[in-house]
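Just below is one structure, and these are the notes that go with it.
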Number of protein chains: 2
Amino acid sequence: MPVTLEDIAEVSGYSRSTVSRVINGEPGVSHRARQKITDVVEQLNYHPNQAARGLAAGQMNNIGLIIPETVSFIFNDPYFQFLSLGVSQTSNEQDFSVMLWLSDPDLERKSINKFLNNGLVDGFIIASMLMGDPIIEALKSTPRPFVLVGRQPALPDASVVDCDNVQGAYAATQHLLKTGRKRIATITGSEGMQSGINRIEGYQKALQDWGLTVNHALIAKGDYTEGSGYFGMFQLLPEKPDAVFIASDNMAHGAYRALKEVGIRVPDDIAIVGFDDIPSADQMTPSLTTMRQPIRKMGNLAAEILINKINYPDTDSQRIILNPELVVRQSCGSSALAGSITLR
Amino acid sequence: MPVTLEDIAEVSGYSRSTVSRVINGEPGVSHRARQKITDVVEQLNYHPNQAARGLAAGQMNNIGLIIPETVSFIFNDPYFQFLSLGVSQTSNEQDFSVMLWLSDPDLERKSINKFLNNGLVDGFIIASMLMGDPIIEALKSTPRPFVLVGRQPALPDASVVDCDNVQGAYAATQHLLKTGRKRIATITGSEGMQSGINRIEGYQKALQDWGLTVNHALIAKGDYTEGSGYFGMFQLLPEKPDAVFIASDNMAHGAYRALKEVGIRVPDDIAIVGFDDIPSADQMTPSLTTMRQPIRKMGNLAAEILINKINYPDTDSQRIILNPELVVRQSCGSSALAGSITLR
DNA sequence: CTGAAAGCGCTTACAG
DNA sequence: CTGAAAGCGCTTACAG
């Protein structure tokens, strides 16, 4: 019972072909016809049926946003949200809709293939996944274009939007070195994720370039969760570090919690730099110095690249690597703002 | 070039009708035919085209998840994420996909109508919105079913999944009363949202039932943001409350921040109860006593009700109101766990 | 500039 | 139990 193209044709007195042209803003229609049809469309509140349109045109104007389970659980930070916002925003601007696929542990295998092949979606954006995620295999056999957010060694030729995690970790560590810290520890991100590995790499590189050797006792393994930041800090404490580069703000929360319990002061006794710049970073006490990762912008770019690839299939795959930005606050002890804040 | 029904028909030697029946698990097909067709489907890795299916059947098996802009920005808490997870989970179980619509300030009006009427989506779930949101008007004229997460006075007959905010605020406040607190203040949620209003109501009701009169100097207006919790607490301090019911955990973070700055101890000097039970509530120092709102479950239920309504349009609209649950931790001073934790 | 017709990949009575 | 045929609401050559 919704209004169809045919209804518009009938009421306006033009053929379906002409109506279709007007709807799609194609040239080669008389002003008179365009006017009349536009009026009728307005008047009858007509909205084209996207399923029919997609079937006929062979393109649905839908983007699939794939969020692997692991990611959505680990990042209880606004990662997911900001990414969705970015993807959604750009997609809407270009008249695309977005379909969401959050992986379910059990159905994963079956369900992802269905999502990739049900013809509803013209291309995909995949939020950073674990290395070895079964989704990778499914992706390898899709004929449809996709863009990864966060690079994936198993898919070296894919289009990617990422931030330069090596450079970011390098800059964070170097900032600590420049402010005079000597024993710089780190709590790492998940070893199962590319970003985790890259952030360790940047940390080590910065130390080496500064002429220091990497001390493995100063490296605590984390997995991006708050809890791993908490335990990681306790693991490091006996080594008496005077600074810690923590591979995510979320873990920094945990580390703060540990430091409070033992009464160690930030930044006086120990300087902290995080990674991500989640909203709460600014409200921690002391406020957290961190590397800002432009997640929303990464979502925008991923959508842009993907839609371009959908519209022009011959486009080469693209890799866009953004630089994270150092946001200096109080926790590193180098800010003008930095008073001497004691944690308890 | 993807495999079609016709391909399966040809290879298997049966007609499209029979193949269609097998695909859809309909009865009245010989075992022999079913077997053969299933094999071919498997072998050719066939996935039905959902657009074609939807067009023919008049149902797309898609759910639209609408997240108003305001909500996605205010709740930088995992609200959005957990809700999506719940909706997504239940939808997938029932063979539905979910389309995401995050409102964009500019395009809102135009874009929402398109989303509601493009024929891609059989029904909608709307995450709690502001009162007076333009989406409400659009919703009033949809022929398609929808379910609200969070009730909406302007849509009194709609299906709703909500938690009982009045009861929750009541229980939170009463808990403080029972533990002996006398001057109980509150920092309210957004006045523009039903939940905000209901939580004030529950707070007031609890005081009255306890024989106390409501003192407006003990009510600070918040809007669910961390910052409003921070300023709200400063506003309350001169009134010397011995307890505060804070209408969201996010605001409780802000309130903690304020209390640290002035050196007031929780729970010794002041008891705090929050609302939501976001993941970080457990990791605050002291850990936050709060009312747990089962957001993910609300997402599950919303999807369940909606899909049922899509499949059986004659179903009456349903209202499911869940009870939030008191989670006692340290900040209220009544837990066995509660040591005497001093904030600084 | 406009229209008649075929076709996108399915489902669904209808006949047998 | 199986198949031929119409139809879902569009787009897109093709002809004029």
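We name chains A, B, ... by the order of the sequence lines, and we start the count at 1 in each one.
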### Task
Determine the contact category for Ser17(B): base if any of its heavy atoms lies under 4.0 Å from a base atom, sugar-phosphate if only primed atoms, P, OP1 or OP2 are that close, otherwise nothing.
base
### Query
If we only count heavy atoms from C-beta on, is the Ser84(A) to Phe80(B) side-chain gap below 4.5 Å?
yes
### Task
Could you give me the CA-CA distance, side-chain angles and deciding distance for Gln94(A) and Glu304(A), then say whether side chain to side chain contact (heavy atoms under 4.5 Å, CB included) is met?
CA-CA 9 Å; Gln94(A) 309 217 21; Glu304(A) 197 176 313; 4.2 Å; yes
### First of Arg21(A) and Ala51(B) reached from the 5' end of DNA chain C, by closest nucleotide
Arg21(A)
### Task
Would you jot down, in residue-number order, the residues of residues 22-48 of chain B having a non-hydrogen atom under 4.0 Å from DNA chain C?
Asn24(B), Tyr46(B), Pro48(B)
### Query
Are any non-hydrogen side-chain atoms of Ile37(B) and Thr18(B) less than 4.5 angstrom apart?
yes
### Chi angles and distances behind the side-chain hydrogen bond (donor to acceptor under 3.5 Å, both in side chains) call for Trp101(B), Ser111(B)
CA-CA 9 Å; Trp101(B) 188 83; Ser111(B) 160; 2.9 Å; yes
### Query
dG7(D) P sits how many Å from Glu6(A) CD, rounded?
11 Å
### Qualifying residues under side chain to side chain contact (heavy atoms under 4.5 Å, CB included), relative to Val11(B), sequence neighbours excluded
Val40(B), Leu44(B)
### Task
Just do the side chain to side chain contact (heavy atoms under 4.5 Å, CB included) check on Leu155(B) and Gln152(B) with the steps written out, would you?
CA-CA 5 Å; Leu155(B) 297 165; Gln152(B) 176 63 52; 4.0 Å; yes
### Summary
From CD of Glu10(B) across to P of dG3(D) the rounded distance in Å is 14 Å
### Task
Can you tell me the pairing partner of dA13(C) across any strand shown, Watson-Crick or G-U wobble, with both distances under 3.5 angstrom?
none
### Message
Under the criterion side chain to side chain contact (heavy atoms under 4.5 Å, CB included), I'd like the reasoning laid out for Leu322(A) against Asp162(A): C-alpha separation, chi angles, the key distance, then a yes or no.
### Response
CA-CA 6 Å; Leu322(A) 301 174; Asp162(A) 204 348; over 6 Å; no
### Message
OP1 or OP2 of dT11(C) versus the side-chain N and O atoms of Ser20(B): is any pair under 4.0 Å?
### Response
yes
### Summary
Answer for the Watson-Crick or wobble partner of dA4(D), both distances under 3.5 Å, is none
### Query
Salt bridge or not for Lys114(B) and Asp95(A), using N-O below 4.0 Å?
yes
### Query
Under 4.0 Å: is that the gap between some side-chain N or O of Thr18(B) and OP1 or OP2 of dT2(D)?
no
### Summary
Note: contacts of residues 307-315 of chain A with DNA chain D (heavy atom, under 4.0 Å) are none
#### Entry: side-chain N/O Ser15(A) vs dT2(C) OP1/OP2, d < 4.0 Å
no
### Query
Do Leu5(A) and Ser20(A) pass the side chain to side chain contact (heavy atoms under 4.5 Å, CB included) test, and can you show the C-alpha distance, the side-chain angles, and the key distance before you say yes or no?
CA-CA 7 Å; Leu5(A) 229 204; Ser20(A) 175; 4.3 Å; yes
